[in-house]
Amino acid sequence: MNRKILGVIRILAILVCIGVIIYEAVHLYLDQKEYDIADDEYEEIRQEMVKWPEAEDEALVVDYPLLQIDFEGLKEVNPDFVAWLYFPCLDISYPVVQENEVDEYLHLTFDRTENKSGSIFEDILSDPKFRGMHDIVFGHNMRDTSMFGKLKYLYQKKDEDLLASNPYVYVYTDEYIYEYRVFAYYITKVGSEAYKVVNTDETYDEFLEYIRLHSAYQMPEEADFSVRPGLLTLSTCSGASGSGKRFVVHTYKTRVWNRQES
């Protein structure tokens, strides 16, 4: 093969590489633009539908974050709205919808706009009032750390100090405020026992034993499961897209407040 042909091949190879780079750059740009649209939507929701504590409110003696949620307003935007989820130590704060069919909200934002960011959504088999023995909430592991993108900090940083000061997750429903305590997390796969349907004492105990065997987080000594408190699992993707890996965070219900009495 003479030098002229080799030169042409090299040029073609370079052009192909440049084309691939441009293609990937365009897709990254378009994806980021889409993510920004979703981020703006959720930030607008927080500004309009959630009132955060004022300085004078913080002086009150309360046991949970004083978020005032506009439940009626959120229901008007999306009738599938069931709760507001707040995970303080990771600054995760989103409305939760419940899916009517599997993966309905995988690529729909809260106002049902098509978007890869999707929504934070509760499993179709879970209790919309968060009174089930095991309820599950899903969210995307976004590159920009939005949605459930910050959950990975729990294992990537290998820093349990994140949970040492505030290991609680709060769920605000129209009737109650629930406090959950993180007690386990680990990487698993789609369809594993981490997503077990729990509706009897026997399946509860089996599920708890599975968690104990797989958890990468030391179960807190004060965790008391003798009365089988309600469990809440937060789930997101882990690793490369399409790998089937998932990262789950298991929490158990520690306290409940009636919103009408708060």
Side-chain angles (χ1 to χ4, degrees), residues 24 27-43 45-46 82-99 102-124 126 134-163 166-171 180 182-196 211 214-217 231-251:
E24 292 293 336
H27 273 266
L28 284 173
Y29 169 76
L30 293 175
D31 284 348
Q32 188 57 54
K33 188 175 181 180
E34 192 170 346
Y35 300 157
D36 290 343
I37 291 172
D39 288 346
D40 290 344
E41 177 188 326
Y42 286 113
E43 183 56 34
I45 289 172
R46 293 187 196 97
V82 291
W84 191 277
L85 185 145
Y86 181 40
F87 196 165
C89 82
L90 294 179
D91 194 28
I92 294 174
S93 183
Y94 285 95
V96 180
V97 292
Q98 184 171 37
E99 59 184 7
V102 176
D103 292 342
E104 176 185 5
Y105 281 96
L106 204 58
H107 297 133
L108 289 179
T109 62
F110 184 76
D111 68 3
R112 298 189 64 84
T113 299
E114 288 276 353
N115 191 295
K116 292 178 182 178
S117 293
S119 296
I120 302 299
F121 62 94
E122 188 180 23
D123 183 74
I124 191 171
S126 293
H134 179 214
D135 297 316
I136 308 173
V137 173
F138 299 91
H140 283 302
N141 177 11
M142 303 299 291
R143 285 196 296 267
D144 64 359
T145 72
S146 61
M147 310 310 285
F148 276 177
K150 291 179 181 176
L151 287 183
K152 58 180 171 280
Y153 289 173
L154 296 179
Y155 70 92
Q156 282 186 345
K157 293 185 176 182
K158 300 186 184 303
D159 185 0
E160 295 190 359
D161 287 343
L162 282 172
L163 294 174
N166 192 350
Y168 299 103
V169 176
Y170 298 89
V171 173
Y180 294 85
V182 175
F183 72 95
Y185 58 69
Y186 51 90
I187 294 175
T188 185
K189 60 183 180 180
V190 176
S192 76
E193 287 294 295
Y195 303 97
K196 187 180 184 69
I211 294 173
H214 291 81
S215 182
Y217 175 66
L231 305 177
L232 172 65
T233 294
L234 309 182
S235 172
T236 191
C237 295
S238 181
S241 177
S243 67
K245 290 183 178 181
R246 298 291 184 268
F247 178 62
V248 294
V249 178
H250 296 299
T251 71

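Please read all numbers here as calculations on a predicted model, not as lab measurements.
Between the OG atom of S146 and the CG atom of N141 there is a distance of 9.5 Å, given to the nearest 0.5 Å. Distance OG/S117 to CG/D39: 6.0 Å, rounded to 0.5 Å. For the atom pair T188 OG1 and H214 NE2, the distance stands at 7.0 Å (nearest 0.5 Å). With rounding to the nearest 0.5 Å, the separation of CG in N166 from CZ in F87 is 8.0 Å. Note that NZ of K152 is 10.5 Å distant from CG of L90, once rounded to the nearest 0.5 Å.
A side-chain donor-acceptor contact under 3.5 Å links E99 to the backbone of I124. Checked by atom type and distance alone, the side chain of E122 never pairs as donor or acceptor with a backbone atom of D135 at under 3.5 Å. S192 places a side-chain N or O within donor-acceptor distance of the main-chain N or O of A194, the cut-off being under 3.5 Å. Listed for the T145 side chain is no donor-acceptor partner under 3.5 Å among the backbone atoms of K150.
For the residue pair E104 and R112, the shortest heavy atom distance occurs at OE2-NH1, 3.1 Å. Residues Y195 and K189 share a closest heavy-atom pair of CE1-O, 3.8 Å. Contact detail for H140 and T236: the closest heavy-atom pair is C-OG1, 3.2 Å. Here the closest heavy-atom approach between residue Y153 and residue L162 is recorded as O-CD1, 3.8 Å. Summarising the geometry of S119 relative to F110, their closest heavy-atom pair is OG-N, 3.3 Å, with the distance given to 0.1 Å. When all heavy atoms of I136 and S126 are compared, the closest pair comes out as N-OG, 2.9 Å.
Between the side chains of N115 and T113, no donor-acceptor pair is found at a separation under 3.5 Å.
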Review point. Going through the checks in order, is the side-chain contact (heavy atoms from CB on, under 4.5 Å) test met by I45 and W84?
Key: CA-CA 11 Å; I45 289 172; W84 191 277; 3.8 Å; yes
Can you list, pair by pair, the side-chain donor-acceptor contacts under 3.5 Å of residues 242-250, counting residues two or more places apart and other chains?
unit_1, atom_1, unit_2, atom_2, d
S243, OG, S238, O, 3.3
S243, OG, A240, O, 2.8
S243, OG, K245, N, 3.3
H250, ND1, T233, OG1, 2.7
H250, NE2, Y186, OH, 2.7

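The aromatic ring centres of Y42 and Y94 sit less than 6.0 Å apart.
Judged as a ring-ring contact (aromatic ring centres under 6.0 Å, His included), and not counting sequence neighbours, F148 has no contacts.
For the pairing with V137, the side chain to side chain contact (heavy atoms under 4.5 Å, CB included) check across V97, L232, V82, V169 returns one residue only, L232.
A 4.5 Å side-chain heavy-atom check between Y155 and I187 finds at least one atom pair inside the cut-off. Looking at Y168 and C89, their side chains never come closer than 4.5 Å, going by heavy atoms from C-beta outward. Side-chain atoms of I120 and L234, non-hydrogen and from C-beta on, never get closer than 4.5 Å to each other. You'll find the side chain of F183 reaches within 4.5 Å of the side chain of L231, heavy atoms only. Side-chain contact between M147 and F138 is absent, with no heavy-atom pair separated by less than 4.5 Å.
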